[in-house]
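Below you'll find the structure, written out as C-alpha cells, and then a few comments.
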Protein chains: 2
Amino acid sequence: MTNADIKYTNQRIEILNFLKDNYNHPTVDEVYDGVKNKLSRITKATVYRNLKFLSEKGMIQEVNVKGVSRFEPNIKPHHHIMCNRCKKILDFESKELSEYALKIVKNLKGFSVNNSNTNFYGVCNNCA
Amino acid sequence: MTNADIKYTNQRIEILNFLKDNYNHPTVDEVYDGVKNKLSRITKATVYRNLKFLSEKGMIQEVNVKGVSRFEPNIKPHHHIMCNRCKKILDFESKELSEYALKIVKNLKGFSVNNSNTNFYGVCNNCA
DNA sequence: GTACGTGCAAATGATTTGCGTTAAG
DNA sequence: CTTAACGCAAATCATTTGCACGTAC
C-alpha cells in the first residue's frame with residue numbers, strides 16, 4: 001500500500017484513510033463527504049483527481065456500477081454481488097470461479113483473455 | 001420482438017432496425033448517427049428515450065461499460081469479452097458458466113442471488 | 001379523438017480542465 | 001528549489017426534462 005514514487009499530500013492520505021477498511025464501495029461524493037470533516041477546504045476536483053490517480057497506481061480499485069464510479073480498498077481480484085433493491089455491493093472472492101471462467105474461454109478463437117470478473121444480482125436479507 | 005402494447009413510431013422502428021443484427025454494442029451517439037440518415041429530424045433526446053424504453057420492454061439490452069451505455073439486440077443472458085486495446089466487445093454465451101457461478105454463491109448467507117454475468121478482458125487478434 | 005411520442009431548448013449531473021497558488025520531497 | 005498537487009471557477013460531456021406540437025392507433 002506504500003509507494004516511494006508518490007507524494008503523500010494530506011488530501012491523498014485522508015482519502016486513503018477513509019477508504020481503508022471501508023467496504024461499502026463509496027461513490028466520489030461519499031468519499032468527498034467523508035474527508036471534508038478532516039480537510040474542510042478540499043474540493044471535489046481534488047477527490048476526483050486522487051481517486052483516479054490512486055486507481056491507476058493500483059492502490060485502490062474502481063468499480064463501475066450502472067454508470068456510477070465507486071471505489072474500494074480491496075485490490076485483490078474479486079467478484080461483486082449487488083442487491084437490486086438497496087443497491088448495496090458485497091465483495092465475493094472465489095478463485096475457483098475465476099479459474100473456471102478462464103478455462104472456458106481459453107480455446108476461444110480471435111481473443112486472448114487474461115482476466116475476468118463476475119457480477120451477481122439478487123436481493124439481500126435486509127431487503128427481502 | 002413484437003409487442004401489441006407499444007406504438008411503432010418511425011423513430012422506434014428505425015432504431016430497432018439499426019440495432020437488429022448489429023453486434024457492435026453501439027453507444028447512444030452511434031445509434032443516433034446510424035438512424036439520422038433515415039430520419040434527418042430525429043433528436044438525441046428521442047434516441048435516449050427510445051433506447052431506454054426498448055430496454056425496459058426487454059426488446060433490446062443495455063450494457064454499461066466503464067460508465068458509458070451501449071445497446072445490443074441480443075436479449076438472451078450472456079457474457080462479454082472486451083479488448084483492452086480497441087475496446088471492442090464480443091458476446092459470449094455459456095450456460096454452463098452461468099450455472100457454475102450461481103451454484104457457487106447459492107449457499108452464501110445474507111444474499112439470495114438470482115442471476116449473474118461475467119466480463120472477460122483481454123486482447124483481440126486484430127490488436128495483438 | 002386521445003394518449004403517447006417527438007423536436008427543441010434548456011436543465012441537470014457527473015467529471016474534467018486551465019490557471020495562479022501552495023506544499024511535498 | 002523544483003515539481004507535482006491544490007483550490008477555484010469555468011468548461012465539457014452524458015443524460016434528462018418541460019412544453020407545445022404531431023402522429024399512431
Side-chain angles (χ1 to χ4, degrees), chain A residues 1-19 24-72 87 89, chain B residues 1-19 24-72 87 89:
Chain A
M1 192 82 160
T2 45
N3 187 319
D5 293 344
I6 84 170
K7 281 191 180 177
Y8 281 90
T9 62
N10 286 334
Q11 292 79 343
R12 220 159 258 178
I13 291 166
E14 287 304 333
I15 289 171
L16 280 172
N17 236 334
F18 176 77
L19 242 26
N24 296 322
H25 304 80
T27 62
V28 174
D29 279 23
E30 287 161 355
V31 174
Y32 172 68
D33 288 342
V35 297
K36 215 170 38 198
N37 315 319
K38 299 285 185 66
L39 299 166
S40 55
R41 292 176 49 74
I42 198 173
T43 62
K44 229 175 257 186
T46 297
V47 177
Y48 269 101
R49 278 190 279 234
N50 275 317
L51 288 172
K52 187 181 208 180
F53 175 88
L54 295 168
S55 303
E56 281 164 358
K57 292 285 178 193
M59 300 170 72
I60 62 176
Q61 196 165 160
E62 181 172 0
V63 197
N64 203 289
V65 184
K66 307 206 182 246
V68 183
S69 282
R70 295 176 167 274
F71 297 87
E72 58 172 339
K87 311 302 176 194
I89 303 168
Chain B
M1 193 82 161
T2 43
N3 188 319
D5 293 345
I6 83 169
K7 281 191 180 176
Y8 281 90
T9 62
N10 286 334
Q11 293 81 342
R12 221 159 255 177
I13 291 167
E14 286 305 332
I15 290 171
L16 280 172
N17 236 334
F18 176 77
L19 242 26
N24 296 322
H25 304 79
T27 62
V28 174
D29 278 23
E30 287 162 354
V31 174
Y32 172 67
D33 288 342
V35 297
K36 215 168 42 198
N37 316 319
K38 299 286 188 63
L39 299 165
S40 55
R41 293 175 50 72
I42 198 172
T43 62
K44 232 175 254 187
T46 297
V47 177
Y48 270 101
R49 277 189 281 232
N50 275 318
L51 288 173
K52 187 181 208 180
F53 174 89
L54 295 168
S55 302
E56 283 165 356
K57 293 285 177 193
M59 299 171 73
I60 61 175
Q61 196 165 160
E62 181 173 0
V63 197
N64 202 290
V65 183
K66 308 209 181 244
V68 182
S69 282
R70 296 176 167 275
F71 298 85
E72 58 173 338
K87 312 300 177 196
I89 304 169

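Atoms considered below: every heavy atom in the structure, side chains included; atoms not considered: hydrogens, waters and symmetry mates. Throughout, a chain's letter reflects where its sequence line sits, starting with A, and its residues are numbered from 1.
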* Structure fact -> Output for pair (R12(A) CZ, L39(A) CG), nearest 0.5 Å, gives 13.0 Å
* To do: Provide, to the nearest angstrom, the distance between the NZ atom belonging to K7(A) and the P atom belonging to dA5(D).
  => 6 Å
* To do: State which of dC6(D), dG5(C), dT15(C) makes the closest approach to the side chain of T9(A).
  => dC6(D)
* Answer with yes or no whether K44(B) presents, from its side chain, a donor or acceptor under 3.5 Å of a partner atom in the base of dA14(D). => no
* Asked: Distance check: side-chain N/O of T43(A) vs OP1/OP2 of dC6(D), anything under 4.0 Å?
  -> no
* What is the nucleic acid contact for R49(A), judged by heavy atoms within less than 4.0 Å: base, sugar-phosphate only, or nothing? -> base
* Structure fact -> Separation of dA14(D) atom C1' from R70(B) atom CZ, nearest Å, is 14 Å
* To do: Answer yes or no: does a side-chain N or O of N50(A) lie under 4.0 Å from OP1 or OP2 of dC6(D)?
  => yes
* To do: For K52(A), answer base if it contacts any base atom (sugar-phosphate contacts may also be present), sugar-phosphate if it contacts only those atoms, and nothing otherwise; contact means non-hydrogen atoms under 4.0 Å.
  => sugar-phosphate
* In whole Å, what is the span from the CZ atom of R41(B) to the C1' atom of dC8(C)? -> 9 Å
* Using a cut-off of less than 4.0 Å, is there contact between a side-chain N or O of Y48(A) and OP1 or OP2 of dT15(C)? -> yes
* Quick one: is dC4(C) close enough that its OP1 or OP2 comes under 4.0 Å of any side-chain N or O from R12(B)? -> no
* To do: With rounding to the nearest 0.5 Å, note down the distance linking CG in L19(A) to CD1 in I60(A).
  => 5.0 Å
* To do: Can you tell me the distance, in whole Å, between the CD1 atom of I13(B) and the C1' atom of dC25(D)?
  => 13 Å
* Nucleotide of dG7(C), dC6(D), dT15(C) approaching Q11(B) most closely (side-chain heavy atoms) -> dG7(C)
* To do: Round to a whole Å and report the spacing from OH of Y32(A) to P of dG13(C).
  => 16 Å
